[in-house]
Protein chains: 2
Amino acid sequence: MTAQPEGVEPRVDQAAVPVDVPAARERARAIPEATVARLAVYLRVLLGRGDDRVATLSSEELAHAAGVNSAKLRKDLSYLGSYGTRGVGYDVDILIGEIERTLGLTRKHSVAVVGIGNLGHALAGYGGFASRGFPVTALFDVDEDLIGIRIAGIEVRHIDQIPDACAALDVTIGVIATPGDGAQDVCDLLVKAGVRCILNFAPVVLQVPEHVEVRKVDLAVELQILSFHVARRELAEEPLTGSSIGTEEPLTELPPVVVAP
Amino acid sequence: MTAQPEGVEPRVDQAAVPVDVPAARERARAIPEATVARLAVYLRVLLGRGDDRVATLSSEELAHAAGVNSAKLRKDLSYLGSYGTRGVGYDVDILIGEIERTLGLTRKHSVAVVGIGNLGHALAGYGGFASRGFPVTALFDVDEDLIGIRIAGIEVRHIDQIPDACAALDVTIGVIATPGDGAQDVCDLLVKAGVRCILNFAPVVLQVPEHVEVRKVDLAVELQILSFHVARRELAEEPLTGSSIGTEEPLTELPPVVVAP
DNA sequence: TGATGTGAACTCCTTCACAGCG
DNA sequence: CGCTGTGAAGGAGTTCACATCA
């Protein structure tokens with residue numbers, strides 16, 4: 001490991017982020033959205049393997065573990081620069097460092113969750129956030145019964161306090177887990193508080209200024225997409241009964257075909 | 001694939017929704033993934049508007065509400081067929097029906113949630129599933145302390161019972177909310193039980209036979225993508241001081257930057 | 001007239017295939 | 001030789017702009 005000749009690329013520790021700014025800017029700008037999403041996946045795989053003392057991984061291995069093909073993986077990694085060794089593969093530690101730097105994970109983050117219902121409560125207590133460098137530091141709701149209680153040590157406050165509290169805690173990411181109505185208001189408060197990244201679980205399309213980034217997770221939509229595939233598959237499997245052409249299918253409902261495996 | 005001569009013309013009268021099966025099959029196969037995801041969004045908007053007795057909507061209005069541009073919306077809807085009226089717009093009820101049929105929502109669905117931790121518990125109690133036609137009918141875990149308790153009236157069973165219970169309840173969609181390790185085992189059990197659609201919240205890439213559809217929701221990845229955008233934006237905003245090392249920036253305060261392209 | 005529906009151009013992403021290097 | 005890195009080809013999705021029709 002650390003078989004790195006030409007000592008231009010310094011070791012990456014989270015105190016200093018070297019590299020000249022214009023180049024980094026250019027590179028960051030150039031990375032496709034689709035690649036960014038996958039970088040996060042590669043990082044998780046690498047962190048898993050890092051424990052195993054695996055010093056190096058080929059594109060084939062890493063790609064398989066991440067569920068993509070190796071050409072795509074190599075192209076993705078090429079956006080970061082050349083951190084592989086031909087004939088060998090990628091140094092796990094170096095790659096981890098590069099991906100973390102690219103994803104901005106060397107920066108401190110701080111997450112606020114708004115809406116402490118079923119989902120918000122689960123998110124507030126979800127260990128997966130903190131363990132990946134996204135500690136939840138503030139919780140908000142409107143329900144008087146919830147305000148003041150603590151979840152995982154964090155006190156729930158009224159959403160009126162969003163501007164002050166978020167600024168004070170330097171919240172970088174807001175998570176909206178409220179019902180659909182009210183989500184836009186909460187969003188406006190977060191934006192006012194200077195939060196520029198929002199993860200939205202509410203089933204509405206948020207309107208935000210263009211300098212604010214929103215990602216949406218819509219569980220019902222996910223299920224509906226799956227539902228589409230069930231339906232498509234059933235159509236595809238359905239035997240082509242020649243007589244079905246002329247028959248009057250009452251198709252308010254889909255044909256009831258279910259094939260047991 | 002089966003070259004079907006355009007023999008039967010689909011009559012469109014407003015009461016019934018006819019359509020011959022091969023044509024429906026052809027169409028379903030042709031709809032792009034990206035469009036399917038958006039259809040679900042359009043549907044939600046339409047259902048919201050349906051209550052308001054709005055009989056008709058233009059592509060412009062619907063597109064705005066769904067957060068896309070109108071050209072995209074029209075192209076998306078064109079995959080369903082021609083259900084708009086030129087000079088007027090789309091009939092809300094007809095469109096709802098068409099989208100529901102296309103997404104397979106006229107079929108009965110039944111959801112099993114596996115892994116009753118923070119997230120699984122929230123999902124089990126989440127009203128948004130049932131209200132959109134995806135009732136949760138089975139819950140599973142391995143923890144003896146959880147087995148037997150009821151959430152929203154559903155009893156938690158041991159995952160050993162997945163094959164039997166899922167078959168008996170005709171589960172169409174499995175939701176995996178377990179920790180990463182164990183997710184693959186659970187997945188295998190679901191597949192064995194005949195479940196062909198899986199929504200995976202566990203941070204692993206599941207291996208499944210090709211007739212099984214998996215969608216993954218990875219919350220940490222979502223946050224990391226947002227993090228990337230924070231970083232990119234800071235790079236873009238940062239004045240070109242060659243040696244700025246960003247960690248100590250007083251980021252409590254928002255620079256008022258709004259870049260006009 | 002005014003909105004839909006759609007070929008065509010365009011942009012973005014993926015895949016191929018192989019040169020280049022360790 | 002083996003594997004990375006990458007131009008080039010291919011495919012998917014988006015946007016444009018306008019013919020078309022209620």
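Note on naming: letters A, B, ... go to the chains in the order of the sequence lines (proteins, then strands), and numbering restarts at 1 for each one. Note that the structure is a prediction, hence the values are computed from the model and not measured.
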Report the nucleotide, chosen from C:dT14, C:dC16, D:dG13, that has the shortest atom-to-atom distance to any side-chain atom of A:K72. C:dT14

From OH (A:Y90) to CG (A:L57), nearest 0.5 Å: 10.5 Å

Provide, to the nearest angstrom, the distance between the OH atom belonging to B:Y83 and the C1' atom belonging to D:dC21. 18 Å

Whole angstroms only, please: what is the CG-C1' distance between A:L73 and C:dT14? 13 Å

Please check the phosphate of D:dT4 (OP1 and OP2 only) for any side-chain N or O of A:S59 closer than 4.0 Å. yes

Measure CG/B:N69 against P/C:dT4 and give the value in whole Å, please. 13 Å

Write down the distance between CG (A:L77) and C1' (D:dC3), rounded to a whole number of angstrom. 13 Å

d(CZ, A:R74; C1', D:dC3) in whole Å: 7 Å

Sorted by position of nearest nucleotide on DNA chain C, 5' first, the leading residue of B:Y90 and A:D76 is B:Y90

Going by an N to O cut-off under 4.0 Å, is there a salt bridge joining B:E61 and B:R49? no

For B:A65 and A:V205, the nearest pair of non-hydrogen atoms, with its separation, is O-CG2, 3.7 Å

Under the 3.5 Å rule, do the base of D:dG2 and the side chain of A:R86 count as making a donor-acceptor pair? no

With distance as the sole criterion, is a donor-acceptor pair present between the side chains of B:H64 and A:Q207 under 3.5 Å? no

When you check the phosphate oxygens OP1 and OP2 of C:dT14, does a side-chain N or O of A:R38 lie under 4.0 Å from one of them? yes

Can you figure out which of D:dT14, C:dT14, C:dT4 approaches the side chain of A:K75 most closely? C:dT14

Most 5' of B:E33 and A:A71 on DNA chain D, judged by nearest nucleotide: A:A71

B:Y79 OH to D:dT14 P, in whole Å, measures 9 Å

In this structure, how many angstroms lie between the C1' atom of C:dG2 and the CD atom of B:E61, rounded? 13 Å

Tell me yes or no: between the side chains of A:Y42 and A:D76, is some donor less than 3.5 Å from an acceptor? yes

In this structure, how many angstroms lie between the C1' atom of D:dT15 and the CD atom of B:E60, rounded? 14 Å

